[in-house]
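Presented below is the structure to which this report refers.
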There are 2 protein chains.
Amino acid sequence: MNSRDLLKQHISKTITLTDEQFDYFYSHFTPLSFKKGQTIISEGDEVDCEYFVLSGCLKAFFINDDVKMYILQFAMPTWWTSDYNALYSHTRATINVDCITDAEVLCLKSADREKLCAEIHQVEHFFRWRTNRGYVASQKRLLSFMNNDAKKRYEELLTLYPELYNLVPKHLIAAYLGISRETLSRLYNAR
Amino acid sequence: MNSRDLLKQHISKTITLTDEQFDYFYSHFTPLSFKKGQTIISEGDEVDCEYFVLSGCLKAFFINDDVKMYILQFAMPTWWTSDYNALYSHTRATINVDCITDAEVLCLKSADREKLCAEIHQVEHFFRWRTNRGYVASQKRLLSFMNNDAKKRYEELLTLYPELYNLVPKHLIAAYLGISRETLSRLYNAR
DNA sequence: TTAATTATGTGACATAGATCACGTCGGGAG
DNA sequence: CTCCCGACGTGATCTATGTCACATAATTAA
């Protein structure tokens with residue numbers, strides 16, 4: 001499927017736009033291609049875009065003072081990603097986004113998103129629901145963190161996103177689960 | 001400040017409504033009073049409202065199979081709370097909301113929120129931004145969970161919401177931090 | 001192809017935090 | 001006033017997970 005249709009199909013799950021409206025909406029997106037390992041957002045950057053993933057897999061991650069990595073989100077096709085904290089509060093990026101595999105994305109400038117939201121009520125509705133879903137997912141992950149041990153969280157992740165198992169290296173899965181790569185290795189090799 | 005002005009001031013930080021629009025908006029809210037300890041949402045309930053806190057303090061919490069409590073959110077004046085997962089996906093409540101102190105709230109039915117969002121573009125804008133902020137806060141808390149030990153999380157909480165220290169019992173703070181009340185006690189008694 | 005990274009497995013040990021057990025204190029119900 | 005229960009403190013263990021060290025496999029670069 002081409003990028004236009006992928007985006008159209010995606011937003012059609014939440015709202016209905018006329019062809020004319022969608023063309024206008026789509027005209028604000030810029031397609032970009034990245035190679036495996038390339039960085040899209042670095043800590044300290046000014047952030048003024050968010051990204052809709054067309055193909056490949058990205059990760060949004062935080063590096064702490066001990067240079068340990070924590071993955072906030074994997075982003076696969078039809079997922080959106082950015083440093084939303086920086087984007088909404090107009091501060092410098094505190095997280096990084098880079099490519100786990102070669103990837104194609106559509107880039108939407110924050111100013112254009114706000115313009116589109118103001119111009120087309122349905123678009124505002126779409127972004128409200130997208131964030132709603134993100135918020136609920138984030139709450140669930142938080143709960144899982146508090147309630148479940150590493151093993152359960154690992155099983156939960158694989159149930160939710162089985163494709164990750166072969167797609168991303170184990171140490172990145174560990175960084176998503178918030179455990180060390182050694183512990184993860186011991187978990188699925190059943191000790 | 002009366003409830004109308006409190007809500008008005010709150011939404012005015014994000015959007016501007018005419019007096020007429022605000023009166024219409026406000027007419028969809030129902031004021032409710034609760035006593036300390038009263039339950040607002042129980043696991044298994046059908047959820048069709050969200051709540052804007054006017055006074056007092058609520059908690060939104062999850063009880064796991066071992067009857068251990070995890071607090072997802074404290075809700076103080078001008079905060080919104082509900083079981084958003086249940087509310088948005090039209091499923092039964094999996095979390096509970098009750099009153100840590102006597103409390104007054106404004107209740108907004110989910111159907112009315114959607115109606116208002118559809119009728120008044122600015123209202124949709126308001127709710128989009130409210131959820132944006134919630135999403136970012138939730139991501140930050142998740143990161144704090146992965147990156148910081150119990151002590152740092154405790155200090156972070158007290159820096160962010162110093163009023164909690166005297167307002168809510170320590171075992172509830174522990175339930176928010178995801179640690180046992182014993183560990184919390186040892187933390188702030190510096191041992 | 002070969003060399004150099006990078007990803008992964010596994011043992012030994014360290015440690016934050018859980019759990020259990022018990023004691024004290026203070027405030028609300030009767 | 002007294003009694004009781006919920007909040008809180010603290011010692012003694014236990015356990016999941018981290019950390020460090022080293023070995024090997026699998027990719028990538030050259």
Side-chain angles (χ1 to χ4, degrees), chain A residues 34-39 56-57 59 61-71 74 98-102 142-158 164-191, chain B residues 35-39 57 59 61-71 74 98-102 142-158 164-191:
Chain A
F34 294 99
K35 288 281 167 204
K36 177 174 175 174
Q38 260 192 287
T39 295
C57 182
K59 65 178 194 281
F61 60 102
F62 173 76
I63 303 284
N64 77 359
D65 297 341
D66 302 335
V67 200
K68 224 164 118 174
M69 177 199 304
Y70 296 101
I71 294 181
F74 292 114
D98 71 14
C99 301
I100 296 176
T101 66
D102 289 358
L142 193 59
L143 214 52
S144 175
F145 241 91
M146 297 203 277
N147 189 26
N148 301 141
D149 62 12
K151 184 161 196 174
K152 264 197 194 155
R153 295 207 303 281
Y154 175 61
E155 286 161 3
E156 211 171 67
L157 179 66
L158 287 194
L164 286 177
Y165 187 83
N166 292 312
L167 190 62
V168 320
K170 304 280 172 283
H171 73 272
L172 294 184
I173 304 236
Y176 180 90
L177 295 173
I179 60 180
S180 69
R181 57 170 201 82
E182 293 95 331
T183 295
L184 178 62
S185 169
R186 287 177 176 116
L187 281 184
Y188 63 81
N189 293 344
R191 193 127 280 277
Chain B
K35 288 281 167 204
K36 177 175 174 173
Q38 261 192 286
T39 296
C57 183
K59 65 178 192 284
F61 60 102
F62 173 76
I63 303 284
N64 77 358
D65 297 340
D66 301 334
V67 201
K68 224 163 118 174
M69 177 200 304
Y70 297 100
I71 295 181
F74 292 113
D98 71 13
C99 302
I100 296 176
T101 66
D102 290 358
L142 193 61
L143 214 53
S144 175
F145 242 91
M146 299 203 277
N147 190 25
N148 301 141
D149 62 12
K151 184 162 195 172
K152 263 198 196 154
R153 295 206 303 282
Y154 175 62
E155 286 160 4
E156 210 171 67
L157 179 66
L158 287 194
L164 286 177
Y165 187 83
N166 293 312
L167 190 62
V168 320
K170 304 278 171 287
H171 72 272
L172 295 184
I173 304 237
Y176 181 90
L177 295 174
I179 60 180
S180 69
R181 57 170 201 83
E182 292 95 332
T183 296
L184 178 61
S185 169
R186 289 178 175 113
L187 281 184
Y188 62 81
N189 294 344
R191 72 170 324 288

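In what follows, chains are A, B, ... by sequence order, proteins preceding strands, each numbered from 1.
By the 4.5 Å heavy-atom criterion applied to side chains, L167(B) and T101(B) are counted as neighbours. Within the 4.5 Å cutoff, no side-chain heavy atoms of K59(B) are placed close to those of V168(B).
Contacts of G178(B) with the nucleic acid, taken as non-hydrogen atoms under 4.0 Å apart, involve only primed sugar atoms and P, OP1 or OP2. Contact annotation for K68(B): backbone-only contact, meaning every heavy-atom pair under 4.0 Å involves sugar-phosphate atoms and none involves a base.
Judged by atom type and distance alone, E182(B) reaches the base of dC20(C) through a side-chain donor-acceptor pair under 3.5 Å. Judged by atom type and distance alone, R186(A) does not reach the base of dG18(D) through any side-chain donor-acceptor pair under 3.5 Å.
dA16(D) atom C1' lies 15 Å from atom CG of L177(A), rounded to whole Å. Rounded to whole angstrom, the span from the NZ atom of K36(A) across to the P atom of dT27(D) amounts to 9 Å. Remark: P of dA7(D) and CG of N166(B) are 16 Å apart, rounded to the nearest angstrom. Distance, F145(A) CZ to dA16(D) P: 18 Å, rounded to whole Å. In this structure, M146(A) atom CE and dA16(C) atom P are separated by 22 Å, rounded to whole Å.
Within residues 148-155 of chain B, the residues having any heavy atom closer than 4.0 Å to DNA chain C are, in order of number, D149(B), A150(B). For DNA chain D, the residues of residues 168-176 of chain B within the heavy-atom distance limit of 4.0 Å (strictly under) are P169(B), K170(B), H171(B), sorted by number.
Considering every non-hydrogen atom in both Y176(A) and I71(A), the closest pair reads CD1-O, 3.7 Å. When all heavy atoms of A175(B) and M146(A) are compared, the closest pair comes out as O-SD, 4.4 Å. A pairwise comparison of heavy atoms in L177(A) and F145(A) identifies O-CZ, 3.3 Å as the closest pair. For the pair I173(B) and L164(B), the tightest heavy-atom approach, listed with the atom from each and the gap, is CD1-O, 4.1 Å. Minimum interatomic distance between L172(B) and M69(B) (heavy atoms only, all atoms of both residues): CD2-SD, 3.9 Å.
In this model, the phosphate group of dG9(D) is approached by a side-chain N or O of Y188(B) to a distance below 4.0 Å at OP1 or OP2. Side-chain N/O atoms of S185(B) include none lying less than 4.0 angstrom from OP1 or OP2 on dC8(D). OP1 and OP2 of dT17(D) both lie 4.0 Å or more from every side-chain N or O belonging to S180(A).
Looking at the side chain of N189(B), the nearest of the listed nucleotides dT17(D), dT10(D), dA18(C) is dT10(D).
A cation-pi arrangement is present between K170(A) and Y165(A), with the terminal nitrogen or guanidinium carbon under 6.0 Å from the aromatic centre and inside a 45° cone about the axis.
Applying side-chain contact (heavy atoms from CB on, under 4.5 Å) to I63(A) and the options D65(A), V67(A), D66(A) leaves one that passes, V67(A).
Comparing R181(B) and L184(B) by the nucleotide of DNA chain C whose heavy atom lies nearest to each, the residue mapping closer to the 5' end is L184(B).
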